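Below is one structure, written out as structure tokens; the observations come after it.
Owing to the predicted nature of the structure, the values given are computational and were not obtained by experimental measurement. In listed order, ligands and their atoms are each counted from 1.
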Amino acid sequence: MEGEKKVVAMEEEVKEEVVAVDVSLKQLSKKLDDFAKERNWEQYHNPRNLLLAMIGEVGELSELFMWKGEVPKGLPGWGEAEKEHLGEELSDVLLYLIRLSDMCGVDLGDAATRKIVKNAVKYPAPSK
Ligand SMILES: [Mg+2]
């Protein structure tokens with residue numbers, strides 16, 4: 001019971017933080033680093049382990065779409081609990097991706113920005 005209250009309090013704290021802050025990749029990266037350090041999990045966070053963990057989470061994300069057929073934008077017909085679960089699985093993938101990037105020495109924000117530019121050069125928008 002006491003543990004349940006603690007979880008609810010932590011969830012409230014996170015909700016307030018999420019509402020108040022436009023979170024950056026660097027902030028998430030720092031939180032992940034602190035989280036791992038506090039639990040002495042850095043020893044497990046090598047690139048291979050993180051990649052495999054991320055792939056596992058992609059599988060969990062895929063399960064949510066499995067057997068649903070075509071899923072329209074906005075997910076009409078999905079309940080709140082299902083959408084919340086989707087948000088959790090998307091977050092798991094993102095967090096492992098950020099951690100993997102960090103453990104590989106890749107600045108993900110910088111790399112993603114450069115990739116968008118590269119894509120724009122490779123696939124120019126049609127002139128109007
Ligand atoms: Mg998951």
Verdict with supporting geometry, M66 and E63, side chain to side chain contact (heavy atoms under 4.5 Å, CB included): CA-CA 5 Å; M66 201 164 25; E63 275 184 339; 3.7 Å; yes
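- Using the six-membered ring where Trp is involved, W41 and F35 have ring planes that are perpendicular, over 60° apart on the 30 and 60° scheme.
- With rounding to the nearest 0.5 angstrom, the CG atom of L108 is 5.0 Å from the CG atom of L97.
- We find the NZ-CG distance between K30 and D34 to be 3.5 Å, quoted to the nearest 0.5 Å.
- Closer than 2.8 Å to the Mg ion (ligand 1) sit the protein N, O or S atoms E57 OE1, E60 OE1, E89 OE1, D92 OD2.
- The salt bridge (Lys or Arg N to Asp or Glu O under 4.0 Å) analysis of residues 92-111, with sequence neighbours excluded, yields the pairs K26-D107, D33-R99, D110-R114.
- Considering all non-hydrogen atoms of both residues, L86 and L64 come closest at CA-CD1, 3.5 Å.
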